[in-house]
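To start, the structure under review is shown below, and the notes come after it.
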Amino acid sequence: MSYPFQITSRAQYDAAYKQSIENPEAFWEVVASSFLWRKPWDKVLEWNFTQPDVKWFLGGKLNITENCLDRHLDTLGDKPALIWEPNNPDEPNRILTYKELHQEVVQFAQVLKNNGVQKGDRVCIYMGMVPELAIAVLACARIGAIHSVIFGGFSAQSIADRLQDAQAKYIVTCDGAKRGAKQIPLKEVIDDALVQCPFVEKVIVHFHTHTPVSMIKGRDVWWQDEVDKVAASGNIDGLATEMDSEDPLFILYTSGSTGKPKGVVHSCGGYMVYAAYSFVNVFQYQQGDIHFCTADIGWITGHSYILYGPLCVGATTLMFEGIPTWPDAGRFWDIVDKHKVNILYTAPTAIRSLMSFGIEPLQGKDLSSLKVLGSVGEPINEEAWHWFNDNIGKGRCPIVDTWWQTETGGIMISNMADITPAKPAYATLPLPGIQPVLVDENGKEITGNDVSGNLCIKHPWPSIIRTTYGDHERCRTNYFATYPNLYFTGDGCYRDADGNYRITGRVDDVLNVSGHRIGTAEVENAINMHTGVVESAVVGYPHDIKGQGIYAFVICTNTHDDDNLTRQDIAQTVARIIGAIAKPDKIQFVSGLPKTRSGKIMRRILRKIAEGETNNLGDTTTLLDPNVVEEIKAGRI
Ligand code: WT7
């Protein structure tokens, strides 16, 4: 079965693309009409990129969970909605049908209500990859509470920052999370965060890992107890809250080049339409297919392509608690074999990491169910592309290289499986409705082919970022002020002779470490919190597995006895302030940093040194003290 808005041939893609550019409103109106709306919209689109102010499907009323759950109950009620594969392969997996998932969501929505959560309230969700995470997310959406999922790898300080920014009074968490051989004491991390957040009223804790926790009277309650209470009372209204198309659906924090992470806000109607539309078309999902996206729900990929996109179209989505390399590097392939996975959507960093184990972990694994492979998060290098294609897809599964961002809500540039051709290392062509533009530093559009520039998008699409929570001006300056009337992505890009796009990486001070987005300024601020540090500068460098590694140049107060111990202390500080994902891979102690006369650090030079390019440093004449460059070059790690 194909979907009403499913593109089924190259000619259809061309026609859809043409129409979506010539008349975007007519185009999206047709797509949106195949969803369940309580009340249809009065107007398709209102927008300007100056403020910015973008509204889709104005006046439309809906609840996204009625689209994800209720509307499938009659036709797909007994079909698996969510397959959950545990961290430990010896433990049983869980399968929730659409009916069961609906039931769980409705119950937990009632729990949230009974604990005081109301429409518009912000609920922070800090859990491992357990089905209850999906249930909590959907339950928030059910009652119109704005969820803010925080990845389980972030520290207490990071959580506190996000709780304060969003003024979130409610938290849903677990006692702990399992990740391979490790356990993360989530509730303990939350308790540390809450020392700084007295406004938090309720913490709902799901019992999972048996990690000891301290439950604070009046504040902390057990998920299971609350659900039991609701079930016993029989007092569940089950009704979804009617939302305006433009009401916020969720906040997701992401790093920028300056300051603390910002809360990207997505709204209900437009996000739903685009997540589902892009899901069906890019992966060419067919009813009955098993879709396995290996991302964590703490990132946008998990929001759009584990939960909302697939569930909106009645797909079966597989959620995996563990990591690709535990108990061994065959874990993904066991899951594919066991559940007969049809679509596997993963990240280049995972592919490279698995590649390093060779093909032995593939022995005896039946991968013949696979039809489509996907990549996301960073540019995929050709070597990894070919390994994925040859050993996993066996040359018969198209690989979709999907470029997008937290802010875009859904896939923007990608080939469509078996519809438009792949080209290794290229995201290739824009989806219908997406108008990429390349510009030079002065904001002048670079037309024609075989050209490079900064990647911008011209016209709004339904799931474009609406604001950054609590600070609309930040949204404007970050994305809409660099180039007038364009959304600026922060990525550099090449357009080849045939019009295919190849993303070349960030042009701002944002790192992409194992597909995780981290601001250099954020890491510097964390390093600078260490008592022994005077100043630091952080840049990215090419890393075989992570894509980019973190290289820190650090000036210390005085000579310390043990360089390695100090390095560990600094890394520990970063883990404490941000999370282990932001720990520098290399720390070089220096006596000075290359600065311009106005005091600006010349990262360009540091980046070259970190990359190992020590001869062609470009113009260094504007440096305050050119000698420090020689010292830094000599001390390179
Ligand atoms: C940045 C966005 C979108 C989900 C995961 C990351 C980079 C993402 C690709 C790709 C080259 C990519 C970009 C982008 N990126 N996908 N297929 N090819 N680069 O979301 O954390 O918001 O990061 O990831 O640099 O700007 P995110």
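Since we're looking at a predicted model, the values are computed, not measured. For reference, positions follow the sequence shown, starting with 1.
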Any luck finding a side-chain donor-acceptor pair between [X] and [Y] under 3.5 Å?
| X | Y | value |
| --- | --- | --- |
| N415 | Y426 | no |
| Y271 | S304 | yes |
| Y494 | R502 | no |
| Q6 | Q12 | no |
| T467 | H472 | yes |
| T402 | S414 | no |
| R517 | S255 | no |
| N48 | Q51 | yes |
| N281 | Y3 | no |
| R474 | T468 | no |

Test side chain to side chain contact (heavy atoms under 4.5 Å, CB included) applied to [X] - qualifying residues, sequence neighbours left out:
| X | result |
| --- | --- |
| D289 | Y285, Q286, N342, I343, K371 |
| T477 | E473 |
| L429 | R10, Y13, T420, N500 |
| D509 | S257, T520, R603, R607 |

Query raised in the report: Pick from E66, K119, R142: which one makes a side-chain contact (heavy atoms from CB on, under 4.5 Å) with M243?
Result: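 In the set E66, K119, R142, the residue that makes a side-chain contact (heavy atoms from CB on, under 4.5 Å) with M243 is K119.
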
Do [X] and [Y] have their ring centres less than 6.0 Å from each other?
| X | Y | value |
| --- | --- | --- |
| F283 | H291 | yes |
| Y126 | F154 | no |
| Y501 | W403 | no |
| W28 | Y274 | yes |

Identify the two heavy atoms, one from [X] and one from [Y], that lie closest to each other, and give their separation to 0.1 Å.
| X | Y | value |
| --- | --- | --- |
| S33 | V30 | OG-O, 2.6 Å |
| P432 | I7 | CG-CD1, 3.9 Å |
| W56 | G270 | CB-CA, 4.5 Å |
| I143 | A109 | CG2-CB, 3.8 Å |
| G298 | L252 | O-CD1, 3.6 Å |

Query raised in the report: Are the charged groups of E242 and R38 less than 4.0 angstrom apart, N to O?
Result: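 Answer for the salt bridge query: yes.
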
With sequence neighbours left out, write down each residue that passes ring-ring contact (aromatic ring centres under 6.0 Å, His included) with [X], or none if nothing qualifies.
| X | result |
| --- | --- |
| F5 | F35, Y277 |
| W404 | Y305 |
| F480 | F49, Y487 |

Report task. Kindly state each residue pair satisfying ring pair (Phe, Tyr, Trp, His ring centres under 6.0 Å) with at least one member in residues 57-77, sequence neighbours excluded. Result ->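 Pairs touching residues 57-77 that pass the test: W37-F57, W41-F57, H72-Y98.
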
Within-4.5 Å side-chain heavy-atom neighbours: [X] and [Y]:
| X | Y | value |
| --- | --- | --- |
| C140 | R122 | no |
| L138 | L101 | yes |
| W461 | M412 | yes |
| S514 | I581 | no |
| R162 | D165 | no |
| L370 | V341 | yes |
| I306 | Y345 | no |
| I83 | T317 | no |

Requested in this report: For ring pair (Phe, Tyr, Trp, His ring centres under 6.0 Å), just list the numbers for Y483 and F488, CA-CA rounded to whole Å, side-chain angles, deciding distance to a tenth of an Å, and then say yes or no.
Outcome: CA-CA 7 Å; Y483 306 110; F488 177 44; 5.2 Å; yes

Query raised in the report: Under 30°, 30 to 60°, or over 60°: which ring-plane class applies to H303 and H147, parallel, tilted or perpendicular?
Result: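 H303 and H147: tilted rings.
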
**Report entry** From CG (L82) to CG (L307), nearest 0.5 Å
**Finding:**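 One gets 7.5 Å once the value is rounded to the nearest 0.5 Å.
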
Query raised in the report: In Å and rounded to the nearest 0.5 Å, what is the CD1 to CZ distance from I351 to F388?
Result: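 Between I351 CD1 and F388 CZ, I get 4.0 Å after rounding to 0.5 Å.
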
**Report entry** Heavy-atom neighbours of K39 NZ exceed 12 at 6.0 Å
**Finding:**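 Yes, because the 6.0 Å sphere around NZ of K39 holds more than 12 heavy atoms from other groups.
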
Query raised in the report: Should we say atom CG of D74 is surrounded by more than 12 heavy atoms from elsewhere, each under 6.0 Å from it?
Result: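 Incorrect, the count does not exceed 12.
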
Which pairs, with at least one residue in [range] and sequence neighbours excluded, count as a salt bridge (charged side-chain N to carboxylate O under 4.0 Å, His left out)?
| range | answer |
| --- | --- |
| residues 251-274 | D161-K260 |
| residues 306-316 | none |
| residues 415-441 | K423-D496 |

**Report entry** Criterion side chain to side chain contact (heavy atoms under 4.5 Å, CB included) on L486 and I457, from CA distance to verdict
**Finding:** CA-CA 6 Å; L486 295 174; I457 314 287; over 6 Å; no

Requested in this report: Could you walk me through whether L431 and V282 pass the side chain to side chain contact (heavy atoms under 4.5 Å, CB included) test, one step at a time?
Outcome: CA-CA 8 Å; L431 264 66; V282 170; 3.9 Å; yes

Heavy-atom donor-acceptor pair, [X] side chain to [Y] backbone, under 3.5 Å:
| X | Y | result |
| --- | --- | --- |
| D14 | A11 | no |
| N478 | C475 | no |
| S20 | F27 | no |

Report task. Please lay out, stage by stage, how M416 and V400 fare under the test side chain to side chain contact (heavy atoms under 4.5 Å, CB included). Result -> CA-CA 6 Å; M416 290 182 181; V400 291; 5.7 Å; no

Please list, one pair per line, the donor and acceptor atoms closer than 3.5 Å that link side chains of residues 128-136 to other protein atoms, with sequence neighbours excluded.
residue	atom	partner	partner atom	Å
E132	OE2	R94	NH1	3.2
E132	OE2	H206	NE2	3.4

Query raised in the report: Do C268 and S245 pass the side chain to side chain contact (heavy atoms under 4.5 Å, CB included) test, and can you show the C-alpha distance, the side-chain angles, and the key distance before you say yes or no?
Result: CA-CA 5 Å; C268 298; S245 176; 6.0 Å; no

